[in-house]
Structure formats: structure tokens, C-alpha cells
Amino acid sequence: MSDPALNEMIWQIVASIPPGKVATYGQVAALAGCPNHARYVGSTLKKLPKDTTLPWHRVVNAKGESSFPKDSDGYKRQLARLNDEGVSFRNGKLSLSQYGWV
DNA sequence: TGTATGACCCCAA
DNA sequence: GTTGGGGCCATAC
């Protein structure tokens, strides 16, 4: 589809995530209007520019952990960011029940 | 046009 | 808690 509207929608949703909270790809996709587009969100975020202001670090998978290898720079940056926002990681994972975006 | 891949999600054993 | 399989959509070659 490559719907730019959907793309902007995703950005809006991700940008709407309050600090100290995290949302899952499925959550963002569902809020975007496509509960099955979880994969699309990840793929889209991955293609985002490096100078993007989008807080993609607040988006995690359904397991409550980062979806990309910790060897990646983004992974460390995400953990650092979330940790700075008050999110406590547990063995590389976090409590969606506690930090999950409502 | 078709195949392969991916920062995913859900369910069952 | 871990592992395996199936399904979803979009992108890249």
C-alpha cells in the first residue's frame, strides 16, 4: 500500500507515546487502524531517517523487549533512553503491564 | 511478476 | 519459561 497517510499516522502515534511508557508494534499498528500491520510499523521505523525526531525507542515488541540485536546501536540507545525516562529493564525486558502504554 | 526477507504477533505443546 | 509453527503486510532485488 505504501500509504503515506498511514505512515504519518504511525509517526503521530509513536510521537504520542508519553515518556516513561512504551507501546508495542501491534499497539501502534492497531491505533493506526491496522491491527495486522505490526510488521509494517517495524519495517517503516527501520527505514526512518537517522535524524528523525520520532521516539521509536518507545516502541517494543509484544514481549516487552527490543526487537533488534543488542549489538545494534539503536538497541543500546533505546535502553539508555527508556532507562532515562524511568523505564526499568529486566534482563533486557520490561513490564508491559507497568510501562505499557494505555 | 515472483521470491526472499523483516526492529512482528498469536497459539499450542 | 522455552520452542515451534502459522499468519499478517510491505519492501527490496
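The chains referred to below are lettered A, B, ... by the order of the sequence lines, with proteins before strands, and numbering in each begins at 1. Computed from a prediction, not measured in an experiment: that's the story for all the values here. Computation of the quantities below employed the complete heavy-atom set of this structure, encompassing side-chain atoms and omitting hydrogens, waters and symmetry-equivalent molecules.
A/Lys21 has no carboxylate O lying under 4.0 Å from a charged side-chain N of A/Glu85, or vice versa, which leaves the two without a salt bridge.
For A/Tyr40, the listed nucleotide lying nearest its side chain is C/dA10; candidates were B/dG6, C/dA10, B/dC9. Considering only the side chain of A/Lys93, C/dT2 comes nearest among C/dC8, C/dT2, B/dC9.
A/Gln12 contributes atom CD, which lies 12.0 Å from atom CG of A/Leu6 (distance to the nearest 0.5 angstrom). To the nearest 0.5 Å, the span separating CH2 on A/Trp101 from CG on A/Leu31 amounts to 5.5 Å. In this structure, CG in A/Asp3 is found 8.5 Å from SG in A/Cys34, a value given to the nearest 0.5 Å. With values rounded to the nearest 0.5 angstrom, A/Gln98 atom CD is found 10.5 Å from A/Leu96 atom CG.
The distance between atom OH of A/Tyr25 and atom P of C/dA10, rounded to the nearest whole Å, is 18 Å. For the pair A/Leu6 CG and C/dA10 P, the interatomic distance rounds to 8 Å; values are reported in whole Å. The distance from atom CG of A/Leu48 to atom P of B/dG6 is 18 Å, rounded to the nearest whole Å. Between A/Lys63 atom NZ and B/dC10 atom P there is a gap of 11 Å when expressed in whole angstrom units. Atom CD1 of A/Ile10 is separated from atom P of C/dA10 by 10 Å (rounded to the nearest Å). A/His37 has its NE2 atom 7 Å from the P atom of C/dC9, to the nearest Å. Remark: P of B/dC10 and CD of A/Gln27 are 10 Å apart, rounded to the nearest angstrom. B/dG6 atom P lies 16 Å from atom CG of A/Asn61, rounded to whole Å.
In terms of position on DNA chain C, the residue among A/Asn36 and A/Lys47 whose nearest nucleotide sits closer to the 5' end is A/Asn36. Of the two residues near DNA chain C, A/Arg39 and A/Ser43, the one whose nearest nucleotide lies more 5' is A/Arg39.
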Within the sub-3.5 Å range, which N or O atoms of nucleotides 4-6 of chain C have a protein N or O partner, and how far apart are they?
none

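A donor-acceptor pair under 3.5 Å is absent between the side-chain atoms of A/Gln78 and the main chain of A/Val60, judged by distance alone.
Side-chain contact of A/Lys47 with A/Ser43: a donor-acceptor pair under 3.5 Å is present, judged by distance alone.
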